[in-house]
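This report concerns only the one structure given below.
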Amino acid sequence: MFDFFRNPQSCRSYDIAQWERLFGQARAGRLLGKLAYLLEDENLLDVVPPESRWLLESARVKSERGRRQILWEIDRICHVLREFQRFDASAASVPVVLLKGAAYHVANLPWSRGRISVDVDIMVPQAQLGTVETALMLGGWFISKESAYDDHFYRDWMHEIPPMRNAQRDVALDVHHTILPRTGKLTVDAALLFECATPLPGENNLFTLEPCDMLLHSAVHTFQDGELWDCARDFLDLNDMFRYFGRRDADFFDKLLRRNETLRLNRPLYYAVHFCDKLLGTPFPPDFLREVRKFGGVLSNAIMDAVVPTCALPHVPGSETPTQRVGKLGLYIRSHALRMPMRILIPHLWAKYRKRRKEKREKMQNQAKEE
């Protein structure tokens with residue numbers, strides 16, 4: 001799949017098995033919409049097998065529907081905050097920063113085309129979390145993780161409150177107060193992000209992260225706060241950001257290095273650059289590459305190079321290899337170790353294990369009753 005996105009014209013020589021593999025991976029990785037638009041932009045629709053073209057049209061329709069749904073959800077979030085001003089005047093001054101897919105769609109960034117977003121992510125100041133959560137609950141959102149342990153886990157350790165969901169539209173909403181867990185090896189002062197946020201034209205108190213912060217957030221979401229399993233879409237987002245922001249601003253890569261000095265996100269930035277260069281051929285200025293490569297480590301680089309390229313590919317059911325299973329376990333452990341120290345990690349994993357066993361036992365009991 002990475003070979004295709006690196007050089008789309010290579011698909012002119014694909015046989016039916018290669019097309020099936022590409023479409024299977026794109027479907028599994030929620031990339032069919034992106035694939036559809038890219039094939040159109042590259043004038044390649046005529047080489048797609050005729051029996052598969054309906055998949056691309058269906059993906060376009062689905063992605064456009066998802067885009068409208070995300071934009072409507074953002075509109076409703078802003079609406080309930082405006083309405084809540086009647087009960088709490090401080091709601092009028094709450095800055096709402098859109099993150100990830102929500103930001104890409106609202107700002108109409110190129111990589112939002114064909115993107116299927118499954119939730120909305122926003123960031124608000126920690127001091128105003130209570131106001132925002134109350135307003136949202138009055139507006140029809142509810143906490144979707146109801147256990148006492150989950151509530152404690154999110155509110156005391158993480159960078160967000162427990163996930164919310166709209167009772168009518170069944171859309172998930174993640175309300176953040178920063179971009180990295182408070183217990184993690186890396187943390188970010190959210191005030192630095194708010195003070196540089198980009199206001200959206202015609203909107204009061206609605207922002208996106210500025211370009212360097214948007215890219216760095218994508219890097220930490222992928223390499224510091226994520227499990228790196230089935231994350232091809234994140235790699236493609238990063239590749240598009242590097243290319244787009246680099247074309248728009250000749251000084252972008254110098255600004256990115258300076259911003260990284262402030263936020264201290266060396267290792268996520270290194271991995272973002274390294275794997276975009278390695279897998280997608282993203283063009284970088286030589287001086288920038290030389291500086292970023294100083295952030296890498298010999299042993300960790302060797303391990304990541306051995307595991308990430310295969311584990312990042314979309315997982316097609318039935319195609320998982322033993323190497324991928326081992327790599328997936330290693331990346332799962334790595335992601336948790338980065339997010340919390342051992343004194344928290346071990347009890348947390350034990351609590352998750354017990355919860356899963358309980359859920360499995362209850363499921364089996366219910367099945368037995370039905371029989």
Side-chain angles (χ1 to χ4, degrees), residues 66-109 112 117-146 151 154-182 187-214 216-218 221 259 262-263:
R67 177 180 177 275
R68 292 196 300 268
Q69 188 175 30
I70 293 297
L71 294 179
W72 177 246
E73 205 67 19
I74 294 167
D75 178 87
R76 295 298 84 195
I77 291 167
C78 294
H79 173 75
V80 298
L81 287 174
R82 286 194 298 268
E83 289 294 301
F84 194 63
Q85 294 175 29
R86 292 183 296 174
F87 307 99
D88 186 343
S90 67
S93 61
V94 176
V96 176
V97 178
L98 302 174
L99 301 175
K100 298 190 291 188
Y104 308 156
H105 282 302
V106 167
N108 200 28
L109 292 167
S112 68
S117 298
V118 296
D119 56 12
V120 175
D121 292 84
I122 64 173
M123 182 175 69
V124 299
Q126 187 173 8
Q128 294 169 300
L129 269 177
T131 297
V132 172
E133 184 177 356
T134 302
L136 289 169
M137 293 184 76
L138 291 174
W141 282 266
F142 63 95
I143 298 294
S144 59
K145 292 194 178 281
E146 298 179 348
D151 195 70
Y154 280 97
R155 295 184 189 278
D156 294 344
W157 296 339
M158 291 295 102
H159 49 308
E160 57 184 315
I161 64 173
M164 304 187 80
R165 187 168 291 276
N166 188 274
Q168 293 181 325
R169 298 182 295 277
D170 197 33
V171 176
L173 170 64
D174 292 332
V175 182
H176 301 250
H177 53 84
T178 184
I179 61 172
L180 280 169
R182 285 180 281 184
T187 56
V188 170
D189 181 357
L192 297 173
L193 304 176
F194 281 104
E195 70 183 21
C196 294
T198 303
L200 285 163
E203 300 288 346
N204 291 327
N205 297 330
L206 192 61
F207 303 80
T208 64
L209 295 175
E210 63 92 25
C212 290
D213 289 356
M214 185 180 289
L216 288 169
H217 177 226
S218 183
H221 171 70
R259 187 58 171 169
T262 301
L263 299 181

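Position 1 is the first residue of the sequence; numbering continues from there.
Remark: the backbone N or O of Ala103 is not paired with any side-chain donor or acceptor of Thr208 at under 3.5 angstrom. Remark: the backbone N or O of Ala197 is not paired with any side-chain donor or acceptor of Asp213 at under 3.5 angstrom. No donor-acceptor distance shorter than 3.5 angstrom exists from the side chain of Thr134 to the backbone of Thr131, with no hydrogens or angles considered. Within the 3.5 Å criterion, the main-chain N or O of Asp170 finds a donor-acceptor partner in the side chain of Arg165.
In this structure, CE on Met123 lies 11.0 Å from CG on Leu129, to the nearest 0.5 angstrom. In this structure, the separation between CG on Leu136 and CD1 on Ile161 is 7.0 Å, given to the nearest 0.5 Å. Thr178 OG1 to Glu160 CD: the interatomic distance, rounded to the nearest 0.5 Å, is 11.0 Å. Of the inter-residue distances, the one linking Lys100 atom NZ with Ser112 atom OG reads 16.0 Å to the nearest 0.5 angstrom. Interatomic distance, Leu216 CG to His221 NE2, rounded to the nearest 0.5 Å: 14.5 Å. Note that the CD1 atom of Ile77 and the CG atom of Leu206 stand 9.0 Å from one another [nearest 0.5 Å].
Considering all non-hydrogen atoms of both residues, Pro125 and Phe194 come closest at N-CZ, 3.4 Å. For the residue pair Phe84 and Ala91, the shortest heavy atom distance occurs at CD2-CB, 4.0 Å. For the pair Val120 and Ala102, the tightest heavy-atom approach, listed with the atom from each and the gap, is CG1-CB, 4.1 Å. Of all heavy-atom pairs spanning Ala135 and Leu81, the tightest one is CB-CD2, 3.9 Å. Looking at every heavy atom in both residues, Leu180 comes nearest to His159 through O-CB, 3.1 Å.
When side chains are defined from C-beta on, Leu109 counts as touching Met214, because their heavy atoms get closer than 4.5 Å. The closest side-chain heavy-atom distance from Thr198 to Glu210 is below 4.5 Å. The shortest distance between side-chain heavy atoms of Val96 and Val124 falls below 4.5 Å. The side-chain heavy atoms of Leu98 and Leu200, taken from C-beta on, include a pair separated by under 4.5 Å. At least one side-chain heavy atom of Val97 sits less than 4.5 Å from a side-chain heavy atom of Leu209. For the pair His105/Leu71, a side-chain contact is recorded, criterion being any heavy-atom separation below 4.5 Å from C-beta on.
Checking each of Arg182, Gln128, Met158 against His177 for a side-chain contact (heavy atoms from CB on, under 4.5 Å) leaves exactly one that passes, namely Arg182.
Both tests do not hold together for Arg68 against Trp72: distance to the six-membered ring centre under 6.0 Å, angle to the ring axis within 45°.
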Where do Trp141 and Asn166 land on the side chain to side chain contact (heavy atoms under 4.5 Å, CB included) test, with the steps shown first? CA-CA 4 Å; Trp141 282 266; Asn166 188 274; 3.5 Å; yes
Show, in sequence, the C-alpha distance, side-chain angles and deciding distance for His217 and Val188, and conclude whether the side chain to side chain contact (heavy atoms under 4.5 Å, CB included) test is met. CA-CA 10 Å; His217 177 226; Val188 170; over 6 Å; no
Arg259/Leu192 under side chain to side chain contact (heavy atoms under 4.5 Å, CB included): CA gap, chis, key distance, verdict: CA-CA 10 Å; Arg259 187 58 171 169; Leu192 297 173; 4.1 Å; yes
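Surrounding CD of Glu195 are more than 12 heavy atoms belonging to other residues, nucleotides or ligands, all under 6.0 Å away.
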